[in-house]
4 protein chains.
Amino acid sequence: MKKRQVQASVKDERLVKKRRDQMIKGAVTLFIQKGFHRTTTREIAKAAGFSIGTLYEYIRTKEDVLYLVCDSIYDQVRERLYEGLDTKKGTIESLKQGISDYFKVVDEMQDEVLVMYQEVKSLSKDALPYVLKKELEMVAMFEHVVTLCVENGELDLAMEEVKMIAHNIFVQGQMWAFRRWTLQKMYSLEQYIQLQTELLFQGIQGSASAVEFQPDSRSQK
Amino acid sequence: MKKRQVQASVKDERLVKKRRDQMIKGAVTLFIQKGFHRTTTREIAKAAGFSIGTLYEYIRTKEDVLYLVCDSIYDQVRERLYEGLDTKKGTIESLKQGISDYFKVVDEMQDEVLVMYQEVKSLSKDALPYVLKKELEMVAMFEHVVTLCVENGELDLAMEEVKMIAHNIFVQGQMWAFRRWTLQKMYSLEQYIQLQTELLFQGIQGSASAVEFQPDSRSQK
Amino acid sequence: MKKRQVQASVKDERLVKKRRDQMIKGAVTLFIQKGFHRTTTREIAKAAGFSIGTLYEYIRTKEDVLYLVCDSIYDQVRERLYEGLDTKKGTIESLKQGISDYFKVVDEMQDEVLVMYQEVKSLSKDALPYVLKKELEMVAMFEHVVTLCVENGELDLAMEEVKMIAHNIFVQGQMWAFRRWTLQKMYSLEQYIQLQTELLFQGIQGSASAVEFQPDSRSQK
Amino acid sequence: MKKRQVQASVKDERLVKKRRDQMIKGAVTLFIQKGFHRTTTREIAKAAGFSIGTLYEYIRTKEDVLYLVCDSIYDQVRERLYEGLDTKKGTIESLKQGISDYFKVVDEMQDEVLVMYQEVKSLSKDALPYVLKKELEMVAMFEHVVTLCVENGELDLAMEEVKMIAHNIFVQGQMWAFRRWTLQKMYSLEQYIQLQTELLFQGIQGSASAVEFQPDSRSQK
DNA sequence: TATGAATGAGACTTCATTCAT
DNA sequence: TATGAATGAAGTCTCATTCAT
């Protein structure tokens with residue numbers, strides 16, 4: 001499945017890239033504030049720094065903007081996720097590191113993750129599969145890392161368990177963003193990482209006192 | 001915090017309740033199909049079985065409908081959750097049963113959970129807290145059950161861990177709905193419950209072969 | 001082929017008829033002045049005496065207005081044509097009378113005929129057939145009258161000739177409207193009727209001095 | 001009345017002529033397909049083989065294109081009409097020949113005639129007279145030929161009749177194009193010419209059996 | 001209490017035209 | 001002379017909300 005093409009009237013590829021980057025940047029800000037539906041194309045154009053006419057030289061419909069935004073955010077997250085997970089050698093330690101890196105990425109890109117998360121559903125039936133595919137690719141990265149641990153004998157898991165775990169990790173990352181209204185009141189990022197990692201590895205029954213919880217390490221925002 | 005009041009022009013309380021129930025029923029169906037923003041008030045009125053004029057006798061704005069819908073869904077989920085968790089006596093077995101019950105409720109109310117989940121963000125700053133409060137109450141139910149286990153000595157967990165666990169359970173339930181496009185392709189509900197429970201209790205490191213996975217038990221839909 | 005239905009949101013048939021009549025009346029005036037394409041829906045609404053929102057309660061698209069206008073004009077012309085031709089008894093005299101009546105109708109409805117004439121081409125492929133069918137019905141009326149003359153032995157014509165004659169009469173009527181910029185400078189309506197009738201019956205070769213031409217009878221406008 | 005000037009930024013007369021010819025050629029095709037209003041200047045430029053910027057080096061407004069197109073079509077029709085009528089010597093035979101030639105020209109240039117016919121009204125008050133003048137010149141050609149016949153004693157007609165006849169011939173030619181949706185279903189060009197000529201000369205009353213009608217001679221398209 | 005016609009702000013999108021390169 | 005990116009006025013249409021009946 002190739003990248004879904006968004007048609008532009010302008011030919012110059014470099015310019016298209018540049019203008020779309022402006023557009024995406026402006027749109028993300030607006031979508032964060034008011035959501036996709038409550039943001040007008042005029043506002044997007046303005047935030048991007050050009051006229052409404054120019055906006056439509058680079059997209060066909062408003063929904064194209066949403067697609068471009070989602071696509072861009074996914075790419076960024078994935079890229080950063082990839083950096084972190086790429087070099088892992090299939091040890092538990094490296095898995096923990098990978099999770100920690102991912103949670104930090106989500107933390108840094110909270111707003112973007114939130115937007116992507118809340119607005120994908122507004123994508124047309126046409127565009128949705130392209131975006132969901134990217135999501136699955138990210139899940140697959142975790143799957144891969146966990147699988148390596150299994151192959152190395154560090155973990156003993158069935159394939160179904162591996163998949164489930166990968167999904168859980170992925171969602172727990174997103175959760176930090178979409179439940180921030182409560183989670184981030186209770187935990188610092190470090191605590192969140194520590195707790196989730198511990199629970200993931202030890203489970204409930206073995207978790208007690210496995211790690212010393214540090215209530216004071218909460219980072220201020 | 002009391003229930004947020006939605007103003008109605010009509011005085012007869014019984015009638016208000018009746019009309020709003022019609023309204024919510026119709027609206028949920030529509031929101032499932034097209035989302036809140038793409039559903040018109042006319043459509044809601046029609047689906048509810050009365051005229052647009054009548055609709056506005058029972059609400060003030062379109063957003064009121066969304067609030068009513070979210071509120072109603074939360075109430076239903078919470079009610080059913082309560083039934084399941086209420087009688088639990090603080091044993092691990094009862095906790096497992098509670099989780100299982102909850103996941104089943106989510107499965108049965110998938111559409112509703114999805115709507116609620118995707119559209120809460122469209123609520124005004126005014127209405128949001130009321131809905132989020134309900135969510136926290138549900139999380140608190142799990143918290144309570146886990147706490148009982150701790151008090152009974154069945155589990156050994158810090159308060160922060162308890163809270164985290166409650167959130168995880170809650171989100172993993174929702175996850176079954178909002179990631180159904182992939183999860184429900186891979187697992188039957190029973191498998192999902194089994195796997196998540198196992199991972200929750202044993203964690204990764206101890207999970208292996210804890211339970212025999214049954215690939216063929218997948219229920220057909 | 002039934003009348004093409006233009007969808008209205010409003011249910012009350014009587015009201016629909018009334019509003020559409022207002023709409024048509026306003027639109028004709030505007031189309032006469034500036035043509036269909038240069039007339040905006042807002043202008044139509046205003047000319048009709050209601051808001052743009054109300055306009056769209058009675059039509060679906062701007063093109064519907066054009067269809068309604070064309071349809072209405074055709075109906076009027078046809079109705080009046082029918083009155084004149086209906087009672088004719090298949091004599092040459094009655095045919096002449098019918099032609100004269102038709103030309104007078106066209107003269108009185110010049111603006112409308114012109115609009116219809118110039119704008120039909122803007123109708124969608126969907127609506128066009130309905131309008132062209134009406135035109136053919138009008139041609140058929142002349143055909144019928146001429147055929148009666150043939151059957152009565154007053155004229156001796158082949159079927160192909162009858163059809164051709166009917167088309168010629170019809171177009172010569174329209175011509176009085178769409179070439180008014182030159183014809184109406186040269187002839188009064190009476191002269192036009194007299195001349196065309198004479199040429200139709202006598203032809204060129206026998207036409208000379210058949211009728212005394214009356215240069216002074218030109219009507220003033 | 002001189003030819004209306006369309007301003008160009010480019011000085012080189014030869015180039016202006018060349019570019020405008022390209023432009024007209026492309027525009028006619030487009031106007032045939034979608035009409036003047038639904039054709040964009042971009043499309044015209046593209047069809048002409050150059051950029052939108054270049055287009056505007058050779059015209060001032062979109063309407064200029066329409067003027068150029070109409071002007072060009074009229075010139076072509078007139079030129080070909082002139083060829084046919086020029087050498088006629090004022091006999092009935094030559095008049096018939098002239099009519100036949102003219103109808104054949106219209107047949108060959110159907111699309112163009114149709115465009116010109118349907119779009120002249122979109123010309124501004126400013127440009128219209130220039131085009132109508134050309135039309136009158138063509139009518140005058142027929143007038144001239146008929147007048148010659150009168151002067152030669154071949155026909156006996158008053159001046160008003162001559163003018164009327166000229167207009168009729170002219171319109172009956174156009175009619176072949178603008179009523180082709182029905183006429184060309186019923187008659188071949190040859191039949192059309194034959195019938196119209198016969199009716200023109202003999203009229204209704206004398207037309208019978210004047211010419212043997214040949215139903216089978218219809219040419220296939 | 002119920003209805004549904006009326007309203008008009010405002011949304012998305014197009015396209016003729018300009019102008020710097 | 002040729003290009004095509006940029007512009008923004010203006011067009012069509014939608015829909016939440018009101019109010020007279």
Side-chain angles (χ1 to χ4, degrees), chain A residues 8-12 15-16 18-19 37-45 49-65, chain B residues 8-12 15-16 19 37-46 49-65, chain C residues 8-12 15-16 18-19 37-45 49-65, chain D residues 8-12 15-16 19 37-46 49-65:
Chain A
S9 303
V10 172
K11 294 291 156 55
D12 182 343
L15 192 55
V16 171
K18 182 182 159 195
R19 291 280 179 264
H37 280 105
R38 291 200 225 275
T39 301
T40 71
T41 49
R42 269 188 164 70
E43 287 170 326
I44 295 170
F50 37 68
S51 72
I52 183 69
T54 301
L55 180 76
Y56 276 89
E57 292 285 307
Y58 296 92
I59 51 157
R60 277 256 212 284
T61 68
K62 186 187 175 190
E63 210 225 83
D64 281 346
V65 180
Chain B
S9 305
V10 173
K11 304 294 168 213
D12 181 344
L15 192 54
V16 171
R19 291 278 180 263
H37 280 105
R38 291 199 226 277
T39 300
T40 68
T41 50
R42 275 173 155 83
E43 288 171 324
I44 295 168
K46 191 172 181 187
F50 38 70
S51 74
I52 181 68
T54 303
L55 183 76
Y56 275 87
E57 293 291 317
Y58 296 92
I59 52 156
R60 275 264 203 282
T61 69
K62 186 186 174 190
E63 210 224 82
D64 281 347
V65 181
Chain C
S9 304
V10 172
K11 293 292 155 58
D12 183 343
L15 191 54
V16 171
K18 181 182 159 196
R19 291 280 178 265
H37 281 106
R38 291 200 225 276
T39 301
T40 71
T41 49
R42 268 187 168 73
E43 287 170 326
I44 295 169
F50 36 68
S51 73
I52 183 69
T54 301
L55 181 75
Y56 276 90
E57 290 284 307
Y58 296 92
I59 52 159
R60 277 258 211 284
T61 68
K62 186 187 174 189
E63 211 226 83
D64 281 347
V65 181
Chain D
S9 305
V10 173
K11 303 295 169 208
D12 182 343
L15 192 54
V16 171
R19 291 277 180 263
H37 281 105
R38 292 199 226 276
T39 301
T40 69
T41 50
R42 274 173 155 84
E43 288 171 322
I44 295 169
K46 191 173 184 187
F50 39 70
S51 72
I52 182 69
T54 302
L55 183 77
Y56 274 86
E57 294 290 317
Y58 296 93
I59 51 156
R60 278 262 204 282
T61 70
K62 186 186 174 189
E63 209 225 84
D64 282 347
V65 181

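Chain naming here is simple, since letters A, B, ... match the order of the sequence lines and numbering starts at 1 in each.
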What is the distance, to the nearest angstrom, from the [atom1] atom on [X] to the [atom2] atom on [N]?
X     : N      : atom1 : atom2 : value
D:R60 : E:dT18 : CZ    : P     : 9 Å
B:K46 : E:dT3  : NZ    : C1'   : 15 Å
C:R19 : E:dG4  : CZ    : P     : 16 Å
A:K11 : F:dA5  : NZ    : C1'   : 12 Å
D:I59 : F:dA2  : CD1   : P     : 14 Å
A:L15 : F:dA6  : CG    : C1'   : 10 Å
C:Y56 : E:dA11 : OH    : P     : 18 Å
D:D12 : F:dT1  : CG    : C1'   : 10 Å

Checklist entry - What closest approach, in Å, do B:V16 and B:V10 show between heavy atoms, and which atom pair accounts for it? => result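 Taking B:V16 first and B:V10 second, the nearest heavy atoms are CG2-O, 3.6 Å.
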Item to check | Minimum heavy-atom distance B:E43-B:R38, with the two atoms named | outcome: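 Scanning both residues completely, I find the closest heavy atoms to be OE1-O, 3.8 Å.
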Checklist entry - So what's the dot-bracket for DNA chain E: Watson-Crick or G-U pairs under 3.5 Å, [ ] if a pair crosses, | if it pairs off-strand? => result .||||||||||||||||||||
Item to check | Residue pairs, two or more places apart or on separate chains, that pass salt bridge (charged side-chain N to carboxylate O under 4.0 Å, His left out) and touch residues 52-62 of chain D | outcome: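 As it turns out, there is no salt bridge (charged side-chain N to carboxylate O under 4.0 Å, His left out) pair with a partner in residues 52-62 of chain D once direct neighbours are skipped.
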Checklist entry - Should the ring pair D:Y58 and D:F50 be called parallel, tilted or perpendicular, given that the plane angle runs from 0 to 90° and is split at 30 and 60? => result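 If you compare the ring of D:Y58 with that of D:F50, the planes turn out tilted.
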Next on the checklist: Quick check for you: to the nearest 0.5 Å, what is the distance between B:L55 atom CG and B:R42 atom CZ?
Outcome noted: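 B:L55 atom CG to B:R42 atom CZ measures 11.0 Å (nearest 0.5 Å).
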Checklist entry - How far does OG1 of A:T61 sit from CG of A:D64, to the nearest 0.5 angstrom? => result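 Nearest 0.5 Å value for the OG1-CG distance: 4.0 Å.
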Nucleotide N/O to protein N/O under 3.5 Å, stretch nucleotides 7-11 of chain F:
{"residue": "F:dT7", "atom": "OP2", "partner": "A:S51", "partner atom": "N", "Å": "3.3"}
{"residue": "F:dT7", "atom": "OP2", "partner": "A:S51", "partner atom": "OG", "Å": "3.4"}
{"residue": "F:dT7", "atom": "OP2", "partner": "A:T54", "partner atom": "OG1", "Å": "2.7"}
{"residue": "F:dG8", "atom": "N7", "partner": "A:G53", "partner atom": "N", "Å": "3.1"}
{"residue": "F:dA10", "atom": "N6", "partner": "A:R42", "partner atom": "NH2", "Å": "3.1"}

